[in-house]
Each structure stands twice: as C-alpha cells, then as structure tokens.
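Residue numbers start from 1 in every chain, and the chains themselves are labelled A, B, ... in the order their sequence lines are given, proteins ahead of strands.
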Amino acid sequence: MSEVRVRFAPSPTGAPHVGNIRTALFDYLWARHTGGKFILRIEDTDQAREVENGLDLILGSLRYLGLNWDEGPDIGGPYGPYRQSDRLQLYTQYTQELIDKGAAYYCYCTPERLEEMRKEQLARGESTRYDRRCRFLTPAERAAREREGLPRVVRLAVPLDGETTLHDFIHGSLTIANRDVDDQVLLKSDGFPTYHLAVVVDDHLMKISHVLRGDDWIPSFPKHVLLYQAFGWEIPPHGHVPNVLGPDKKKLSKRHGATSVIQFRDEGYLSEAMLNFLALLGWAYDDKTELFTREQLIELFTLDKIGRAPAVFDRNKLDWMNGVYIRELSDAQLAERLLPFMMGAGLVTDLGTVQRMVPLFRERLKKLSDIVSLADFLLVQDLEYDPHLLVGPKMDKATTLTALRTAQEVLESFSSFEDETRIEAELRTASDRLSLKYAQFFGALRVAVTGRTVSPPLMGSIRLLGREKTLWRIDWAIHALETS
RNA sequence: GCCCCCAUCGUCUAGGGGACUAGGACGUGGCCCUUUCAAGGCCAAAACUGGGAUUCGAAUUCCCAUGGGGGCACCA
C-alpha cells in the first residue's frame with residue numbers, strides 16, 4: 001500500500017471552529033495511525049474573504065491540540081508551495097489543458113447578467129443555474145468578445161445528461177444527475193481559481209491518498225469527479241465526514257457562542273480533553289470506552305468507525321471531560337496551567353502559592369479560567385459582601401456574633417494555622433459547647449473568612465489565608481454585623 | 001422551488017437478522033458521604049420516527065412517508 005497522505009485545507013477566513021478542527025483531527029489521526037503524512041494547505045483563493053491573521057489562527061488552533069503537520073506553508077515540503085495563492089500559474093496551466101480538451105470554456109457573462117438571470121429563474125420557480133449561454137458561442141462570436149477585451153472566467157462544461165457517481169467510504173455510493181450540476185466557474189476573472197479547480201489540482205499534485213471533508217461538500221462532488229475524469233487522473237478515496245452541529249442542530253456558527261477552538265483554549269479547556277472530546281464527535285471505538293489518550297486515539301482510530309449522522313456539540317459533556325483531565329494532573333502540573341489565568345485576572349501570585357492552593361480547587365474546576373472566581377478571595381486584600389450573609393439559615397444575629405467571637409478566640413490561641421486537624425477539632429468542640437450544628441457554626445465562619453456561603457474547604461482556606469488575614473477578617477465581620 | 005444527505009435515550013454513541021427484558025457516557029432525579037460547594041459511590045427515569053415488504057425471526061435488509069439537516073456564488 002502506498003503512503004497515506006491526508007490534508008487539512010482550511011481557508012484563512014477566521015478562527016477555525018470545532019467542526020473544522022474535528023475533521024482536521026480525523027486527518028491527523030489517520031496519518032499517524034498509518035505512519036503517513038499530515039499536510040496543511042492554505043486555500044486562500046478568495047481575496048475578499050481573507051482575514052489578516054487568518055493563518056495564525058489556523059496554526060494556533062492546530063498547535064493547541066498538538067496536531068503537528070509534516071508539510072505546510074511554514075515548513076515547506078516536497079510538493080509545495082502549500083499556499084494556493086502561490087500556485088496561480090499551476091491553475092492557469094491546468095485550466096488551459098481543460099479548454100484544449102473541450103472540458104471547460106470561457107464565459108463572458110457579467111455578474112449583473114448572471115444576477116438578472118437568477119432572478120428570472122427564481123421567478124419561474126426554477127433552480128438557479130448558469131444558462132450556458134457562452135458554452136455554445138460560435139468561434140466568430142467568441143473572437144468578437146475577445147477583441148472587445150471583455151473580462152472572462154472559465155467554466156466547467158458539465159455533460160448535459162448522464163450521472164456522476166462517487167464511491168465514498170463513509171456513505172457508500174453517491175450519485176447525482178449531471179443535469180443537476182451547474183457549469184461551475186473554475187477560474188475567476190481575477191485569475192484565481194475557485195475551490196473546485198484548486199482542490200482537485202492540488203490533491204492530485206500533492207499525491208493526497210484520502211480525501212476527508214465535511215459532508216456539506218457532498219453536493220459538489222460531481223464537479224470534482226468530472227475534473228478528475230477530464231484530466232485523466234485517478235480519484236483518491238473520498239469520505240464525507242458528518243458535520244458538527246450546534247444545540248439547535250444547525251450547522252455551527254458564531255451565533256452558537258464559543259465555537260472556535262481558540263476560544264476554548266483561552267477559556268481553559270485542556271488540550272488533551274478537547275482532543276478526546278472532538279474525537280468522539282462522529283467517531284466511536286466501542287460501546288464503553290470514553291477516555292482516550294492521544295496515543296490510544298492514534299492506535300485505535302480507523303476510518304470504518306466514522307459515523308454518518310451529524311453530531312451535536314455538547315458543552316456539558318465537554319465540561320465533564322475537561323474536569324476529568326484536570327483532576328488527573330499533578331499539583332505542579334495544574335498550578336503551572338493555572339498561573340497564566342490568575343495573572344491574566346490580575347491576581348498576582350507565584351507558582352509556589354498556586355501549587356499550595358491547587359488541592360483545594362482541583363475537583364471544583366470545570367475549566368482553568370474558573371480558578372479566578374473560585375480563588376480570588378484568598379488573594380484579594382479586602383472582602384466585599386453583605387454582612388447579612390453572615391447570618392445563615394436557622395441563625396440569628398446574636399447567635400452568629402457569639403459563634404464568630406468563639407471561633408475568633410479559638411483561632412487566636414493558635415500561633416500557626418498549619419495544623420488543620422487540630423484547629424478543626426478545637427472548633428468542633430467550641431461549636432458543641434455552644435450547642436450549634438456544625439452547619440450553623442462553620443457557616444458563619446465561612447462567610448466571615450471567604451465572603452461567601454459557598455467556598456472551598458474552610459480549614460484549608462484558613463490555612464492558606466494565614467493567621468493574620470483570617471483573624472482580621474473575622475474581626476471585620478463581627479464589627480460589620482454589629483453595626484448592621 | 002430543485003437536488004442531496006441523515007435518522008437508537010434530551011445529547012455523544014454501541015449495535016451490522018436471533019446473544020436486546022436495546023449496552024455505555026454526559027446531563028437529569030433520588031440516596032449515601034458531608035461544616036458549604038464540588039468530587040466520589042449506589043440507584044432510577046430515559047431511545048430503536050411511522051407504515052409497508054423480505055424472513056421462521058428484524059434496531060439491524062429493501063421500499064414509501066415523515067422529520068431534521070445541507071447544497072444550489074467569479075465563497076470555501
């Protein structure tokens with residue numbers, strides 16, 4: 001079997017969304033599984049839609065997930081260039097070949113006329129398709145237009161009847177009647193190719209062995225098949241992978257909220273969690289296994305296990321999986337990943353401090369960015385909260401004050417707060433002495449120390465906060481409640 | 001409007017004629033643990049879109065319907 005060569009071919013029109021990257025992941029996994037090559041090709045043939053940092057967004061997305069490529073615009077390779085705008089001569093050359101073979105023709109229709117034509121077709125209830133006016137021009141008519149120097153495009157001369165079939169290793173046999181296929185523009189008037197021409201020429205020239213792409217491309221496969229046939233090239237195996245949908249079951253778009261993989265990275269989704277989750281969108285290994293390392297995915301990924309039905313992107317499950325991966329990290333590893341998020345939020349601290357904090361938060365994190373709202377009370381100077389929060393359920397002001405003063409006394413008797421176990425024991429004793437439920441006693445203390453009713457474990461928080469800060473906060477709480 | 005694709009719990013999915021009282025996971029509900037919230041453990045509810053056909057036997061095969069989605073650019 002010849003070498004597997006698969007490509008991810010995005011256009012630099014914005015940040016790749018999870019659907020695109022999921023497809024790239026399948027490419028990557030197949031390449032690694034087979035020991036083949038994963039190729040990155042930039043399809044920048046639409047100057048109008050291009051975004052300035054488009055390339056960086058693509059590279060950043062792939063790097064985040066560790067989908068490293070073997071050939072690409074930045075590193076080159078034996079079949080470059082890997083940016084279609086650098087390959088324009090190739091496309092004109094192959095277009096000429098098509099024209100010579102009678103498989104394509106020049107079209108001089110103006111955009112205005114085409115729009116007019118479409119409007120009329122719509123009015124008549126027909127489907128909108130180029131009416132092929134220029135396809136049957138006499139040599140004299142064509143010569144006249146050339147003399148006028150009219151702008152021209154090149155169109156594919158689709159057979160008037162018959163049908164075109166593509167064998168797809170995911171869907172089986174796909175067939176579309178030629179009469180339903182448009183005479184697609186192959187070369188635009190600005191000399192750039194359209195996707196249809198470029199993808200066929202490049203896939204062939206770059207010796208792509210398997211084409212994996214979103215199933216929204218199914219309707220245009222006849223154009224590609226026809227091109228392969230016109231050139232006399234062998235058609236590589238194609239697989240149209242299921243799309244990734246939003247919760248409303250519609251194609252993913254910006255109005256679904258965060259959809260670009262970069263956004264997920266910036267919110268603190270671990271690369272390994274994202275990778276695992278994405279792999280399960282349209283692919284499954286068996287009826288049980290849910291968690292896969294990169295190495296396992298590479299080993300177990302096969303094309304025949306790719307599904308056909310579109311998959312809804314489920315944030316809930318992603319959150320769960322991210323939590324699983326977060327909990328698997330060591331304190332040191334997690335601290336390192338957390339630090340940038342804390343710094344970013346202005347919670348200045350150092351790696352050592354974060355590492356000491358990690359045990360308190362690790363199982364409370366869905367994503368790394370959660371650390372900010374969870375841990376800020378430890379690092380902030382002054383707490384801001386409503387003193388009425390101190391008085392919990394089944395408590396009154398007087399009892400709360402007693403509880404706080406008692407806790408204060410107990411804590412003051414310790415010179416260091418390092419011994420959580422002893423402190424807790426003494427506080428429990430104190431609570432018992434007051435005949436309070438632990439929930440009542442510790443509830444008040446919790447608000448005094450953390451400023452909220454929900455917090456990480458109290459004893460651990462007190463230890464990290466330290467003697468001085470803790471006592472000061474209790475003091476503040478007592479005064480605040482007294483004067484409220 | 002025309003063409004195409006898809007169809008198992010709310011979601012991701014296993015299943016490829018009898019092993020299905022249809023399995024797992026997320027989410028949901030309950031219980032346990034517990035000074036809050038989590039995490040963890042246990043339990044529960046929850047699906048084969050409908051109708052024909054083939055067959056001794058269909059979630060699994062074939063038709064039709066319905067539903068959902070996608071495509072119909074000098075965009076990819």
Side-chain angles (χ1 to χ4, degrees), chain A residues 9-13 20 43-46 48-49 107 109-111 114-115 118 121-122 124-130 151-155 168 171 174-177 179-182 184-190 192-196 198-199 213-221 240 242-243 245 247 249-251 277 280-291 305 307-321 323-324 327 360-366 374 392 424 427-428 431 436-447 450 452-459:
Chain A
S11 59
T13 52
N20 298 139
E43 310 226 324
D44 56 346
T45 54
D46 185 358
R49 288 209 313 158
C107 170
C109 293
T110 64
L114 293 175
E115 198 179 323
R118 268 181 222 117
Q121 289 171 331
L122 240 31
R124 270 180 268 130
E126 297 169 8
S127 45
T128 57
R129 213 132 29 204
Y130 178 55
R152 60 184 195 183
V153 303
V154 176
R155 286 182 183 273
D168 180 301
H171 294 268
L174 299 171
T175 299
I176 290 181
R179 88 180 87 85
D180 292 319
V181 182
D182 200 3
Q184 184 58 236
V185 171
L186 300 176
L187 200 66
K188 303 184 245 183
S189 56
D190 63 0
F192 278 66
T194 60
Y195 167 83
H196 307 282
V199 76
R213 51 159 47 149
D215 63 15
D216 43 344
W217 285 109
I218 290 179
S220 46
F221 80 78
H240 288 91
N243 255 292
L245 276 25
K249 306 216 178 196
K250 292 213 178 18
K251 224 171 105 175
F277 180 73
L280 261 20
L281 253 32
W283 178 86
Y285 174 63
D286 62 12
D287 61 338
K288 296 232 153 55
T289 324
E290 213 79 35
L291 268 12
K305 285 181 176 294
R308 272 160 292 137
V312 172
F313 188 90
D314 182 5
R315 275 290 281 254
N316 262 332
K317 190 157 183 175
L318 205 214
D319 282 345
W320 162 75
M321 193 173 278
V324 170
R327 276 169 248 132
L360 251 46
F361 297 99
R362 62 178 329 128
E363 60 229 2
R364 268 158 269 259
L365 296 170
K366 281 200 177 111
L374 249 30
E424 180 176 347
L427 285 174
R428 279 179 190 275
S431 175
L436 286 175
K437 301 255 193 212
Y438 296 135
Q440 298 173 302
F441 183 82
F442 287 104
L445 186 55
R446 179 186 313 283
V447 174
T450 69
R452 48 186 96 156
T453 55
V454 170
S455 83
L458 228 203
M459 293 307 126

Side chain of A:R129, base of B:C72: donor and acceptor closer than 3.5 Å? no
Send over the distance from A:M459 CE to B:U34 P, rounded to a whole Å. 16 Å
So, is A:T194 near the phosphate of B:A76, with a side-chain N or O under 4.0 Å from OP1 or OP2? no
Tell me whether the OP1 or OP2 atom of B:C74 has a side-chain N or O from A:R155 closer than 4.0 Å. yes
If I take atom CG in residue A:L291 and atom P in nucleotide B:U13, what distance separates them, rounded to the nearest angstrom? 16 Å
Under 4.0 Å, heavy atoms only, any strand: does A:K437 hit a base, just the sugar-phosphate, or nothing? nothing
Contact class for A:M321 vs. all strands (heavy atom < 4.0 Å): base, sugar-phosphate, or nothing? nothing
Using the P atom in both, what is the distance from B:C12 to B:G70, to the nearest Å? 15 Å
Using a 4.0 Å heavy-atom cut-off across all strands, classify A:G214 as base, sugar-phosphate, or nothing. nothing
Answer with yes or no whether the side chains of A:S127 and A:R129 bring together a donor and an acceptor at under 3.5 Å. yes
Side chain to side chain contact (heavy atoms under 4.5 Å, CB included) against A:K317, all qualifying residues, sequence neighbours excluded: A:F277, A:E290, A:D314, A:W320
Is the shortest side-chain N/O distance from A:R118 to OP1 or OP2 of B:C74 below 4.0 Å? yes
Upstream residue (5' side of RNA chain B) when A:T289 and A:G125 are each assigned their closest nucleotide: A:G125
Considering every strand and a 4.0 Å limit on heavy-atom distances, what is the contact class for A:F442: base, sugar-phosphate, or nothing? base
Where each residue is assigned the nucleotide of RNA chain B containing its nearest heavy atom, which of A:A311 and A:I218 is assigned the position nearer the 5′ end? A:I218
Specify the separation, in whole Å, of atom CD of A:Q440 and atom P of B:U35. 13 Å
Applying the Watson-Crick and G-U wobble criteria at under 3.5 Å, what pairs with B:A14? Answer none if nothing qualifies. none
Classify A:R327 by what it touches in the nucleic acid, base, sugar-phosphate, or nothing, heavy-atom distance under 4.0 Å. sugar-phosphate
Which is true for A:L187 with a 4.0 Å heavy-atom rule: it touches a base, it touches only sugar-phosphate, or it touches nothing? nothing
Out of B:U35, B:G70, B:C75, which nucleotide sits closest to the side chain of A:R428? B:U35
Considering only heavy side-chain atoms of A:L458, the closest of B:A25, B:C75, B:U35 is B:U35
Hey, does the side-chain of A:R308 have a donor or acceptor N/O within less than 3.5 Å of a partner on the base of B:C6? no
If you check the A:E363 side chain, which of B:A39, B:C12, B:A76 turns out closest? B:A39
Checking all strands, does A:P151 fall into the base, sugar-phosphate, or nothing category for heavy-atom contacts under 4.0 angstrom? nothing
Same-atom distance (P) from B:A19 to B:G27, integer angstrom: 31 Å
Donor-acceptor pair under 3.5 Å, A:S189 side chain vs B:C74 base: yes
Send over the distance from A:R213 CZ to B:G70 C1', rounded to a whole Å. 14 Å
Looking at B:C6, I'd like to know if its phosphate oxygens (OP1 or OP2) sit under 4.0 Å from a side-chain N or O belonging to A:H171. yes
At under 4.0 Å between heavy atoms, what does A:D215 touch on the DNA or RNA strands: base, sugar-phosphate, or nothing? nothing
